[in-house]
Amino acid sequence: MYYIIEALQKNNKAGDYSMNDRELAQQVAKRDERAFDELIRLYGGLVKAIVSYHMRDIPMGREDCVNDVLFSIWQNIDRYDPSKNSLKNWIGAVAKYRAINYQRKYYRELVTGELNEALADEKDIDSDILKREIEEETMALLSNLKPKDKEIFIRRYILEQPINIIAAQSKKSPSWIYNRISRAKKKLRREYKEKWSDCCEKRI
C-alpha cells in the first residue's frame with residue numbers, strides 16, 4: 001500500500017493550513033514539512049490516480065513511481081508558477097511525465113532483456129569486474145555522508161526500499177526522509193564533481 005494513501009487515511013480531516021496555491025508552494029519550497037504533508041493530503045490521491053492510469057499494466061512499479069513523483073515535487077516546487085497554472089494541474093503534469101517515463105523504461109527493458117541475456121555469457125567476467133568497481137566507487141562516495149544519511153541512501157537506492165518503509169522504521173515523516181535524501185544527493189554531486197575535477201587535473 002502506498003504511504004500516501006496511509007497518510008490520507010490517518011489525516012482525512014482538513015489540515016492546519018489555509019493557503020492558496022502560491023502560499024502552499026512557497027512554504028514547501030522553504031522545506032516546511034507540515035506544508036508538504038498538507039500538499040500530500042490535498043493532491044496525493046490525484047498523483048496515485050494518474051500513476052495508476054498510465055501504469056495500469058505495470059502494477060509492480062507504481063509505488064516507486066508515486067514516491068519519485070513526490071520527491072520530484074519536493075525538489076522542484078520552486079519551478080511552479082501560479083500565474084501560469086494551478087498547483088493541481090502542475091502536480092498532475094509532473095505525475096503524468098514521471099509515469100510515462102517509467103512506462104517507457106519498463107517496455108524498453110522488456111524489449112532489450114532477451115538481447116542482454118544472449119550477450120551475458122560473453123561478458124560475465126567483465127561485467128562482474130565493472131560491477132565491483134562501481135560498487136567500490138559508490139561506497140567510497142557514500143562514506144562522505146553522515147551515518148544516518150548514508151543508511152537512508154543505501155536503503156532507498158541500493159536496497160530499493162519504499163520511502164514509507166524507511167520512514168516508518170526510522171520513526172520519521174516521509175517528508176523528513178525526502179529532505180535527507182535531497183541533501184545527500186547534493187553533497188554526493190559536489191563530491192563527485194570535485195573528484196572528477198581532480199582526476200582531470202592529474203591527467204593534464
Q.
Over 60° means perpendicular and under 30° means parallel, so tell me whether Trp74 and Phe36 are parallel, tilted or perpendicular.
A.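 The rings of Trp74 and Phe36 stand perpendicular, inter-plane angle above 60°.
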
**Q.** Heavy-atom neighbours of Arg22 CZ exceed 12 at 6.0 Å
**A.**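 Open.
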
**Q.** Lys148, NZ atom: more than 12 neighbouring heavy atoms under 6.0 Å
**A.**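 Yes, enclosed.
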
Reported [atom1]-to-[atom2] distance for the pair [X] and [Y], which is rounded to 0.5 angstrom:
X: Leu24; Y: Gln27; atom1: CG; atom2: CD; answer: 8.0 Å
X: Asn67; Y: Arg62; atom1: CG; atom2: CZ; answer: 14.5 Å
X: Leu39; Y: Ile73; atom1: CG; atom2: CD1; answer: 6.0 Å
X: Phe153; Y: Ile181; atom1: CZ; atom2: CD1; answer: 7.5 Å
X: Asp21; Y: Gln26; atom1: CG; atom2: CD; answer: 11.0 Å

Q. What residue pairs, at least two apart or across chains, pass salt bridge (charged side-chain N to carboxylate O under 4.0 Å, His left out) with a residue in residues 67-91?
A.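 Those involving residues 67-91 are Asp68-Arg156.
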
Q.
Show me the pairs that pass salt bridge (charged side-chain N to carboxylate O under 4.0 Å, His left out) and involve residues 170-186, at least two apart or across chains.
A.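 Matches after skipping sequence neighbours: Asp149-Arg180.
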
Okay, side chain of [X], backbone of [Y]: is any donor-acceptor separation there less than 3.5 Å?
X: Gln75; Y: Ser72; result: no
X: Glu33; Y: Ser173; result: no
X: Ser170; Y: Ile166; result: yes

Do [X] and [Y] have side chains that approach each other closer than 4.5 Å (heavy atoms only, starting at C-beta)?
X: Asp37; Y: Arg41; value: no
X: Phe71; Y: Ile163; value: no
X: Arg155; Y: Glu151; value: yes

Q: Find out whether the Lys NZ or Arg CZ of Arg98 is both under 6.0 angstrom from the six-membered ring centre of Tyr102 and within 45° of the ring's axis.
A: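 No, Arg98 does not lie over the aromatic ring of Tyr102.
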
**Q.** Residue pair Cys65 / Ala99: nearest heavy atoms and the distance that separates them
**A.**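 Smallest heavy-atom distance, with atoms named: SG-CA, 3.6 Å.
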
Q | Sidechain N-carboxylate O distance under 4.0 Å for Glu38, Arg34 | A |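 Result for this pair is no, no salt bridge flagged.
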
Q: List in chain and number order the residues that pass side chain to side chain donor-acceptor pair (under 3.5 Å) with Ser86, two or more places apart in sequence or in another chain; answer none if no residue qualifies.
A: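 With neighbours one apart ignored, the set is Asn89.
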
